[in-house]
Amino acid sequence: QVQLVESGGGSVQAGGSLRLSCEISGDTSDGNCYAWFRQASGKVSGKAAEGVAIIYKNGGTTLYADSVKGRFTISQDGAKNTVDLQMNALKPEDSGTYYCTSGWVNRNGRAWSSAYEYTYWGKGTQVTVSS
């Protein structure tokens, strides 16, 4: 089992920045990646959740949704056992609940962007960007 706890959400104006952090505990050998998803409203749903960014444990490969490329950066701090999401130049459409997730996800294709590929989920942290 892997436990994931998100923090760092809040309210900012458009153009501002936030840094989300995901604290990881439990069996950290379970899974080959960590990712951030977001959902505009409601409880996380496989259909509605949008994959934002992923970082693979082996080699640190990162991938991003087109909507956040150049603005968001995902990183892993092994010493602190956290995975962070630095979000810059925020837009109102970035608003939503952000979830940290982990699992065994194929490196090929777009599998990483499907919420169904992941096993463990945090409870989420709310991000609100006002115009």
Side-chain angles (χ1 to χ4, degrees):
Q1 292 281 330
V2 178
Q3 291 78 46
L4 306 167
V5 179
E6 304 94 337
S7 62
S11 298
V12 294
Q13 290 193 327
S17 298
L18 280 174
R19 188 176 183 88
L20 306 183
S21 187
C22 174
E23 184 177 345
I24 305 157
S25 61
D27 184 4
T28 55
S29 67
D30 189 355
N32 67 343
C33 66
Y34 298 103
W36 286 93
F37 275 69
R38 66 186 179 189
Q39 186 159 320
S41 62
K43 196 174 179 180
V44 63
S45 159
K47 292 182 180 180
E50 177 190 10
V52 175
I54 186 172
I55 184 165
Y56 286 95
K57 295 179 185 179
N58 188 4
T61 299
T62 58
L63 297 170
Y64 297 91
D66 289 343
S67 58
V68 306
K69 277 181 185 176
R71 300 188 298 123
F72 289 14
T73 302
I74 188 171
S75 60
Q76 183 177 1
D77 188 327
K80 295 181 180 179
N81 260 359
T82 61
V83 173
D84 296 340
L85 185 68
Q86 177 66 43
M87 307 187 295
N88 299 326
L90 283 162
K91 305 175 182 180
E93 51 264 43
D94 293 319
S95 296
T97 303
Y98 282 69
Y99 297 90
C100 180
T101 183
S102 178
W104 294 94
V105 180
N106 196 310
R107 290 176 175 266
N108 300 319
R110 295 281 301 173
W112 77 270
S113 62
S114 171
Y116 295 110
E117 296 292 320
Y118 299 84
T119 305
Y120 303 106
W121 292 82
K123 293 185 178 181
T125 185
Q126 182 67 36
V127 171
T128 303
V129 184
S130 57
S131 57

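Everything numeric here is computed off the predicted structure, so don't read it as measured data.
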Self-check item: Closest approach of Trp36 to Val83 (non-hydrogen atoms, all atoms of both residues)
Solution: CZ2-O, 3.5 Å

Quiz item: Which class fits the ring pair Phe37 and Trp121: parallel under 30°, tilted 30 to 60°, perpendicular over 60°?
Solution: perpendicular

Self-check item: Side-chain (Thr101) to main-chain (Tyr120) donor-acceptor, under 3.5 angstrom
Solution: yes

Practice problem: Look only at the side chain of Asn32 and the backbone of Lys57, and say whether a donor-acceptor pair between them is shorter than 3.5 Å. | Solution: no

Quiz item: Going through the checks in order, is the ring-ring contact (aromatic ring centres under 6.0 Å, His included) test met by Tyr56 and Trp112?
Solution: CA-CA 10 Å; Tyr56 286 95; Trp112 77 270; 8.6 Å; no

Exercise. With sequence neighbours excluded, tell me which residues meet side chain to side chain contact (heavy atoms under 4.5 Å, CB included) with Gln13.
Key: Ser130

Exercise. Decide whether Val129 and Tyr64 are clustered together by the hydrophobic rule: side chain heavy atoms of Ile, Leu, Val, Met, Phe, Trp, Tyr closer than 4.5 Å, transitively.
Key: yes

Quiz item: With distance as the sole test, does Gln86 use its side chain to make a donor-acceptor pair with the main-chain N or O of Arg19 at under 3.5 Å?
Solution: no

Quiz item: Got a sec: does the CG of Asp27 have more than 12 other heavy atoms crowding it under 6.0 Å?
Solution: yes

Quiz prompt | Glu117 vs Cys33 side-chain heavy atoms within contact, under 4.5 Å | solution = no

Exercise. Determine whether Phe72 and Leu90 make a side-chain contact, defined as any pair of heavy atoms from C-beta on separated by less than 4.5 Å.
Key: yes

Quiz item: Any ion pair linking Lys91 and Asp94 (charged N to carboxylate O, less than 4.0 Å)?
Solution: no

Quiz prompt | Shortest non-hydrogen contact from Ser17 toward Asn88 | solution = OG-OD1, 2.9 Å

Quiz item: Roughly how far, to the nearest 0.5 Å, is CD of Gln3 from OG1 of Thr28?
Solution: 10.5 Å

Quiz item: Taking all non-hydrogen atoms of both residues, which atom of Val127 and which atom of Gly9 are closest, and how far apart?
Solution: CG2-CA, 4.3 Å

Quiz prompt | 4.5 Å side-chain heavy-atom contact, Ser102 and Tyr118 | solution = no

Quiz item: Closest approach of Glu50 and Ala65, non-hydrogen atoms and distance?
Solution: OE2-CB, 4.3 Å

Quiz item: Does any non-hydrogen side-chain atom of Thr119 lie less than 4.5 Å from one of Asp30?
Solution: no

Practice problem: Establish whether Ile54 and Val2 are linked, either directly or via other cluster members, by ILVMFWY side-chain heavy-atom contacts under 4.5 Å. | Solution: no

Quiz item: Does any non-hydrogen side-chain atom of Arg107 lie less than 4.5 Å from one of Asn58?
Solution: yes

Practice problem: Examine distances only and state if a side-chain atom of Ser114 and a backbone atom of Ala111 form a donor-acceptor pair shorter than 3.5 Å. | Solution: no

Quiz prompt | Cluster link Leu63 to Val52, ILVMFWY, side chain under 4.5 Å | solution = no

Quiz item: CG of Leu20 to CG of Asp84: how many Å apart, nearest 0.5 Å?
Solution: 8.5 Å

Self-check item: Pairwise side-chain contact, Arg38 with Val68, heavy-atom cut-off 4.5 Å (strictly under)
Solution: yes

Quiz item: Distance from Gln126 atom CD to Tyr98 atom OH, nearest 0.5 Å?
Solution: 9.5 Å

Practice problem: Heavy atoms only: give me the nearest Cys100-Leu4 pair and the separation to one decimal. | Solution: O-CD1, 3.5 Å

Hey, can you pull the donor-acceptor pairs under 3.5 Å for the side chains in residues 73-81, sequence neighbours left out?
| from | atom 1 | to | atom 2 | distance (Å) |
| --- | --- | --- | --- | --- |
| Asp77 | OD1 | Ala79 | N | 3.1 |
| Asp77 | OD1 | Lys80 | N | 3.1 |

Quiz item: Roughly how far, to the nearest 0.5 Å, is the CG atom of Leu85 from the CD atom of Glu6?
Solution: 11.0 Å

